[in-house]
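Note that the structure is a prediction, hence the values are computed from the model and not measured. Naming: A, B, ... by sequence-line order, numbering from 1 per chain.
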Protein chains: 2
Amino acid sequence: MKIDATDRKILSELQRDAAQSLDEIAKAVGSSKTPVWNRIRKMREAGIIGAQTVVLDAEALGFEATFFVLIRTSEHEADWQRRFLHALQARPEVQEAHRLAGDIDYILKVRVKNARAYDAFYQALISEVKVHNVTALLSMEQIKETTALPL
Amino acid sequence: MKIDATDRKILSELQRDAAQSLDEIAKAVGSSKTPVWNRIRKMREAGIIGAQTVVLDAEALGFEATFFVLIRTSEHEADWQRRFLHALQARPEVQEAHRLAGDIDYILKVRVKNARAYDAFYQALISEVKVHNVTALLSMEQIKETTALPL
DNA sequence: CGCCGAGGCGGGAAAATTTCCTATGTCTAT
DNA sequence: ATAGACATAGGAAATTTTCCCGCCTCGGCG
């Protein structure tokens with residue numbers, strides 16, 4: 001599927017505020033309801049537009065600690081990797097996980113209520129899968145957060 | 001503002017799918033339209049519920065490279081910090097930025113079209129603000145991604 | 001050069017949803 | 001037990017989404 005400038009403007013508006021009405025989006029992109037609706041429908045079908053969610057205030061809900069966890073492992077067999085992956089998927093405090101190129105094998109972003117909760121998470125993880133080396137970076141302050149792609 | 005179990009269920013539903021109708025949410029949390037609507041309104045006013053956005057398929061839109069950037073700096077004056085912060089805010093490829101405790105001072109999550117675009121970003125950044133040491137971790141594969149908090 | 005077909009566009013109408021009001025119910029503290 | 005504070009259900013009005021239809025534009029083709 002190909003995306004033109006109008007599609008990009010629509011995506012940009014949706015990222016800014018997905019609760020807008022079609023009329024508002026249409027006005028913002030300089031078109032009218034129906035074409036905008038058709039484009040959104042097509043992009044949804046193509047999987048370019050995925051789920052619609054809300055941004056919550058993590059601090060207000062008691063999630064006051066964010067850690068980035070750098071993981072090195074000596075195990076690289078398929079079985080180990082599968083178990084590791086499942087462990088991450090199953091733990092809701094893991095907000096993001098990437099397999100990396102180079103020296104460090106994995107990075108996790110972990111959101112928890114406090115440092116104690118992080119330790120509980122850490123103990124549970126290393127008891128499930130063997131890892132060679134773990135470094136935790138504690139966030140003092142979130143300077144920027146956005147999910148918006150620059151279109 | 002205090003949050004009870006019903007509020008948490010509502011938030012959970014909204015995180016799962018913010019496009020649901022009030023009736024659907026009400027059914028899911030075992031209540032009816034109006035109370036759900038009032039609770040959502042109050043949580044919005046309190047800032048617990050923030051913006052509503054869509055999740056886009058970054059790969060399909062040509063953003064194929066994600067880097068985590070670890071930054072050490074020798075400068076810790078207020079002025080340097082302010083300039084650094086502004087530089088990050090101004091760059092749309094920076095999706096996330098944290099000030100850290102310990103050895104490493106900052107971590108960034110940077111999303112770009114390709115490695116070349118990362119290099120352009122990197123050159124631009126270090127020409128704006130002086131940093132002591134930069135390590136870039138390239139993501140090979142995003143194993144997990146969610147913004148949902150475990151309520 | 002004109003014609004034809006495909007596809008996007010705008011208007012509008014029906015269905016669904018949100019928003020808001022009112023009356024009723026429930027829980028707590030004294 | 002009772003008053004007060006607050007949450008709830010139902011429903012009505014306004015807004016929004018969804019979808020249908022006729023029109024216009026733009027490409028290729030005779």
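Put simply, the side chain of A:D105 gets close to the backbone of A:T73: a donor and an acceptor are under 3.5 Å apart. Remark: side-chain polar atoms of B:Q89 are paired, donor with acceptor, to backbone N or O of A:I143 under 3.5 angstrom.
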Would you give me the side-chain donor-acceptor pairs under 3.5 Å for residues 19-37 of chain B, sequence neighbours excluded?
from	atom 1	to	atom 2	distance (Å)
B:Q20	OE1	B:R16	NH2	3.4
B:Q20	NE2	B:E13	O	3.1
B:Q20	NE2	B:E13	OE1	3.3
B:Q20	NE2	B:D17	O	2.8
B:S21	OG	B:D23	N	3.4
B:S21	OG	B:E24	N	3.3
B:E24	OE1	B:S21	N	2.9

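For the pair A:E45 CD and D:dT18 P, the computed distance is 12 Å after rounding to whole Å. Per the geometry, CD1 belonging to B:I40 stands 12 Å off C1' belonging to C:dT19, to the nearest Å. Separating the NZ atom of A:K27 from the P atom of D:dT16 is a distance of 11 Å, rounded to the nearest angstrom. Here D:dA7 presents its P atom at 12 Å from CE of B:M43, a figure rounded to the nearest Å. Nucleotide C:dT17 holds its P atom 15 Å from the CD atom of B:Q52, rounded to whole Å. Counting to the nearest Å, the P atom of D:dT17 and the CD1 atom of A:I10 are 13 Å from each other. Between B:W37 atom CH2 and D:dA14 atom P the separation is 15 Å, expressed in whole Å. Here the P atom of nucleotide C:dG7 and the CG atom of A:D4 are 15 Å apart, to the nearest Å.
Using a 4.0 Å heavy-atom criterion, one finds that B:Q20 contacts the sugar-phosphate atoms exclusively. Among the protein residues, B:R41 comes within range of no part of the nucleic acid, since none of its heavy atoms lies under 4.0 Å from any strand.
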Assess the residue pair B:Y118 and B:L138 against the criterion (side-chain contact (heavy atoms from CB on, under 4.5 Å)); give the C-alpha distance rounded to whole Å, side-chain angles, the decisive distance to 0.1 Å, and a yes or no.
CA-CA 10 Å; B:Y118 171 73; B:L138 170 59; over 6 Å; no
For nucleotides 10-12 of chain C, list the nitrogen or oxygen atoms of the protein found under 3.5 Å from its nitrogen or oxygen atoms, one pair per line.
from	atom 1	to	atom 2	distance (Å)
C:dG10	OP2	A:S31	OG	3.3
C:dG10	OP2	A:S32	N	3.2
C:dG10	OP2	A:S32	OG	2.9
C:dG10	O5'	A:S32	OG	3.4
C:dG11	O6	A:T34	OG1	2.7
C:dG12	O6	A:K33	NZ	3.3

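Applying the side chain to side chain contact (heavy atoms under 4.5 Å, CB included) test between A:I71 and each of A:I107, A:L100, A:L108 identifies A:L108 as the sole match.
Comparing C:dG8, D:dT17, D:dA7 by their nearest atom to the side chain of B:K42 picks out D:dA7.
In this structure, B:R39 reaches the D:dT8 phosphate: one of its side-chain N or O atoms is under 4.0 Å from OP1 or OP2.
In terms of position on DNA chain D, the residue among B:T6 and A:L22 whose nearest nucleotide sits closer to the 5' end is B:T6.
B:V55 and A:L56 end up in different hydrophobic clusters when Ile, Leu, Val, Met, Phe, Trp and Tyr side chains are linked at under 4.5 Å.
The shortest distance between side-chain heavy atoms of A:T135 and A:I104 does not fall below 4.5 Å.
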